[in-house]
Amino acid sequence: MSDAQSIKLPTLSVVVPVHNEVDALPDFHRELTRVVGNMAVVPEYIYVDDGSTDDSWQLIKTFGGDVRRIRFSRNFGKEAALSAGLDVASGDAIVVIDADLQHPPEVIVELYARWLAGYKIVCAARANRDTDGPLRRFASRSFYRTFNSLSDQPIPRGVSDFRLMDRRVVDIVRLMPEKSRFMKAILSWPGFDMDIVPFEVAPRAGGTSKFSPFRLWRFGLDGLFNFSSKPLQVWMYLGLTTIALSIVIFIVIVIGYIVSGASVSGYRTVIALLIGVSGVQILGIGMLGEYLARVFIEVKRRPLYVVSESNVAPGSDNDWAHIRGELATFPPV
Ligand code: UDP
Ligand code: MG
């Protein structure tokens, strides 16, 4: 290309959520900058330290002045870290990737190629789940099946939040105000043409997974309840069925009494029914509670995250205070 200088290269932002990743970070950053450095893009690296208690922040600070870094005042969760990254990303295309090298940086080249081909969202999907145990694999499969049958916005199986998004998609994602953020579905919500690039999940480069089985269970419920109201509606039908059933039983008892004069027996059956029905009721209330808790969180309208330190200067396009029109603490730089 003779006039390469005059062609404006697209900016590629890479958003990296970090929570206690000292073991993996140096290798990760070296690999990331190697891969992205060889691409025909203007790179923008954004590290979001999600309340690490190890030296991750100190490490990020050594990555150089052109690396944008944001430090949360405490652990707000990966979803909040991703949101913060998207809030400051200025790229024409934006990649989100884990810091533990489970998402191989070289896949970014392929994601980017698909973006150039016109796709607005390019997801990296796990080609296999060999790095997961059988229980986690089963849980994941059941989750996707349940989620997709209940939600109006299905998410493709095996798609992680390792993906590339067009500027327009990110702008729409940033308009979504919800506080409980199930990123997989939030990032799929805007729609647009999507492509999938398979990749092999590598084992963690160091450290341990931050997601315990219980945290994953809560995470799955979060996704379900945030993206579907069907679990709420099922109770009406369950209630109607129970009432219909009780009418039938009542009629049978009355007829039995008229025909044979037999009095009602079966104390144990009554107890079993009682326990069963109250179990269903409590479950229903519990599910209502799940939705109520979410409404509660949303109406409080608290900031999604609080920044304690960053080299993304306020007053620029990315002024923290204007990011969500909400309080965000920021020390003078
Ligand atoms: N992470 C984060 N905040 C958290 C938990 C995790 O920013 O509260 C980051 C973590 O540093 C990593 C990514 O999110 O870059 C994925 O986390 P992890 O590897 O523990 O999840 P897994 O791969 O086991 O699903
Ligand atoms: Mg991981």
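One-based numbering, in listed order, for ligands and for the atoms of each.
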CZ/Phe192: more than 12 non-hydrogen atoms of other groups inside 6.0 Å: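 Atom CZ in Phe192 is crowded, with more than 12 foreign heavy atoms closer than 6.0 Å.
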Under 4.0 Å from any heavy atom of [X], which atoms of ligand 1 are there?
X	value
Glu21	10 (C), 11 (O), 12 (C), 15 (O)
Ala99	15 (O)
Asn75	3 (N), 4 (C), 8 (O)
Asp50	2 (C), 3 (N), 4 (C), 7 (O), 8 (O)
Gly77	3 (N), 8 (O)

Between Ser52 and Glu21, a side-chain donor and acceptor under 3.5 Å: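 No pair is found: no donor N or O on one side chain lies under 3.5 Å from an acceptor on the other.
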The Mg ion (ligand 2) reached by Asp98 (N, O or S, under 2.8 Å):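 So Asp98 does not count as coordinating the Mg ion (ligand 2).
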Asp100, N/O/S atom nearest the Mg ion (ligand 2):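 Going by distance to the Mg ion (ligand 2), the closest N, O or S atom in Asp100 is OD2.
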Ala81 N/O to ligand 1 N/O under 3.5 Å: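 No: no nitrogen or oxygen of Ala81 is under 3.5 Å from one in ligand 1.
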Shared hydrophobic cluster for Leu232 and Val280 (ILVMFWY, side-chain gaps under 4.5 Å):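 Same hydrophobic cluster.
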Geometric cation-pi criterion Arg145 and Phe147, 6.0 Å radius, 45° cone: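 No; the conditions do not both hold, so Arg145 does not lie above the ring face of Phe147.
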Lys61 to Phe63 six-membered ring, cation-pi geometry met (6.0 Å, 45°):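 No.
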Ring centers of Phe225, Tyr291 separated by less than 6.0 Å: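 Aromatic pair counts; centres sit under 6.0 Å.
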